[in-house]
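Structure below; questions to follow.
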Amino acid sequence: MNSYEFIKNEAGKTLIACTYRQNGKSYLGILDDVQGSFSLLDIPFTDIDNIASWNDYLYVEGASAVHPSSVAKVTLDGRKVVDFKICWSSSSDCLKYESYFSQPELIEFPTVVPGQNAYAYYYPPTNPLYQASQEEKPPLLLKSHGGPTAETRGILNLSIQYWTSRGWAFVDVNYGGSTGYGREFRERLLDRWGIVDVDDCCSCAKFLLDNGKADKERLCITGGSAGGYTTLAALAFRDTFKAGASLYGVADLNLLKAETHKFESHYLDKLVGDDKAFFDRSPINFVDKFSCPIILFQGLEDKVVPPDQARKIYKALKEKGLPVALVEYEGEQHGFRKAENIKFTIEQQMVFFARLIGRFNVADPITPIKVDNFD
């Protein structure tokens, strides 16, 4: 990761090309540290990961709402961009489907703490071939990102477009604790993981309901890893959502603390707190509180979240009589890598939600897996 490069201007003066993030967006500019001036460069990318310089050019790795992860060659004339050209793209042919792309809207919504707001990217249903009736509000899928102190970004994500092109509203939440909105915002999660993130996800859903952008009876939540933990915690400790999907989600914080890798060995100490908090915020200890359908996806070689966590949730919900399904993947670890498994996971979430709470038939020919206590 490289956020700055030394460059020479036409007079041979050394300047600094650099990138920074503010309120969830990346910016690229030229810094003159002698004069104390900064000039923004106008490029289409709203998200930048790396920059490098070569002769009179900058090479920028980034993305936007319509550009997948790409490398662009930026030609400068002084402090102005005279040419911007994509020279490599992770999905070079996707722009031919641009008319289907749902453009993210950065929303700021109130949290349960008076005077505090959080952020999310809202994607409305978008398909040029179809229009919903004015009387029907769309189902909503809320995603809780992993990390948990990472962030979600408003860039082209074809997995999100899968949902929005099929009539769903989708919201990707940057709850308190996420990176990208300043130190105070990030430190909201200290000692309060499992509280702030859960409350903010519920507050975001309520905000969209109050603004008429979602159907109250078709609110769903999904997330992977730490996002899977927030998903399970929201389903166990709140009653906002009608169904959920956990992808290799953390169910037992004590087990995560005991078995996590060395690099993050004390990461949870600051995020959770004392032993009582570790117990009280672990959904696996309160399976009696689950009250809606859940589908679980788990890699059998996962060393971060062992398969036994998903199996315990599955067994408890099955015994309780709630609709539940568990999908286990041979050869997958923490985060799915095989294309067929990624595709299967998205499709089975779609058909699970459609059958259990959606009241609609899916557009694609998907064969649903068996749902216990339902089929």
Side-chain angles (χ1 to χ4, degrees), residues 1-3 20-21 24 49 111-113 116 118-119 143-153 172-202 221-238 246-287 289 296-313 332-337:
M1 296 173 65
N2 194 40
S3 60
Y20 66 94
R21 286 184 68 75
D49 290 321
T111 70
V112 296
V113 179
Q116 280 192 356
Y119 305 87
K143 182 183 177 185
S144 171
H145 68 71
T149 52
E151 68 171 308
T152 190
R153 301 184 172 192
D172 214 351
V173 181
N174 274 319
Y175 47 78
S178 303
T179 298
Y181 299 89
R183 182 184 293 271
E184 183 277 329
F185 190 83
R186 184 166 51 80
E187 291 183 346
R188 289 182 193 178
L189 208 60
L190 297 182
D191 292 326
R192 295 181 65 79
W193 186 32
I195 299 175
V196 169
D197 49 320
V198 172
D199 283 341
D200 286 359
C201 286
C202 294
I221 184 170
T222 187
S225 189
Y229 165 71
T230 301
T231 294
L232 292 172
L235 295 172
F237 304 128
R238 307 289 189 276
S246 170
L247 286 64
Y248 41 92
V250 177
D252 188 335
L253 292 174
N254 271 311
L255 192 58
L256 179 68
K257 180 182 180 180
E259 299 193 3
T260 194
H261 44 88
K262 184 178 179 181
F263 179 67
E264 293 185 346
S265 58
H266 295 286
Y267 182 43
L268 297 187
D269 296 345
K270 283 264 190 178
L271 291 176
V272 182
D274 59 21
D275 290 343
K276 184 176 185 300
F278 270 87
F279 181 89
D280 289 346
R281 296 185 211 159
S282 295
I284 206 162
N285 298 323
F286 300 92
V287 291
K289 293 183 178 292
L296 305 132
F297 299 89
Q298 179 68 45
L300 291 179
E301 295 184 12
D302 194 333
K303 299 286 182 19
V304 180
V305 179
D308 194 46
Q309 294 200 32
R311 288 170 180 166
K312 285 183 178 179
I313 296 288
E332 291 284 18
Q333 301 179 30
H334 194 65
F336 306 144
R337 301 293 186 268

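Counting from 1, the numbers follow the sequence of the chain as shown.
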dist T152:OG1 -> Y175:OH (nearest 0.5 Å) comes out at 9.5 Å
Calculate, to the nearest 0.5 Å, the distance between atoms CG and CZ belonging to D197 and R188 respectively.
-> 12.5 Å
Tightest non-hydrogen contact, residues P148 and A226, listed as N-CB, 3.8 Å
Under 3.5 Å: donor-acceptor pair, side chain of R337, backbone of G335 = yes
Look at R192 together with D199 and state whether they make a salt bridge at an N to O cut-off of under 4.0 Å.
-> no
Exam field: side chain N174 to backbone Y119, donor-acceptor pair closer than 3.5 Å = no
Would a 4.5 Å heavy-atom cut-off, applied to side chains only, mark R153 and D49 as touching?
-> yes
Using atom types as modelled and distance alone, determine if a side-chain donor or acceptor of T231 lies under 3.5 Å from a backbone N or O of G223.
-> yes
Under 3.5 Å, is there a donor-acceptor pair between the side chain of S246 and the main chain of L296?
-> no
Between G273 and D191, what is the shortest heavy-atom contact and its length?
-> CA-OD1, 3.8 Å
Nearest 0.5 Å please: distance from the NZ atom of K257 over to the CG atom of D269.
-> 4.5 Å
Heavy-atom pair with the smallest gap, counting every atom of S144 and C201 = CB-SG, 4.1 Å
Donor-acceptor contact below 3.5 Å, side chain D280 vs main chain A277 | no
Give a yes or no answer on whether the side chain of R281 reaches the backbone of L253 with a donor-acceptor pair at less than 3.5 Å.
-> no
Would you confirm whether the ring centroid of F336 sits within less than 6.0 angstrom of the ring centroid of F297?
-> no
According to the interplanar angle, ranging from 0 to 90°, do the rings of F237 and F286 count as parallel (below 30°), tilted (30 to 60°) or perpendicular (above 60°)?
-> perpendicular
Under 4.5 Å between any side-chain heavy atoms of V305 and Y229, yes or no?
-> no
What is the minimum heavy-atom distance between Q298 and A310, and which atoms define it?
-> OE1-CB, 3.8 Å
Without swapping roles, check the side chain of D252 against the backbone of I284 for a donor-acceptor pair under 3.5 Å.
-> no
Sub-4.5 Å side-chain heavy-atom contact between Y267 and T149 | yes
Rounded to the nearest 0.5 Å, what's the gap from CG on D200 to CD on Q116? Could you check?
-> 8.0 Å
To the nearest 0.5 Å, atom OG of S178 lies from atom CG of L189 at 8.0 Å
Heavy-atom pair with the smallest gap, counting every atom of H145 and V173 = CD2-O, 3.1 Å
Can you measure from NE2 (H334) to CG (L247) and round to the nearest 0.5 angstrom?
-> 10.5 Å
Closest contact, heavy atoms only, I221 versus L235 = CG2-CD2, 3.9 Å
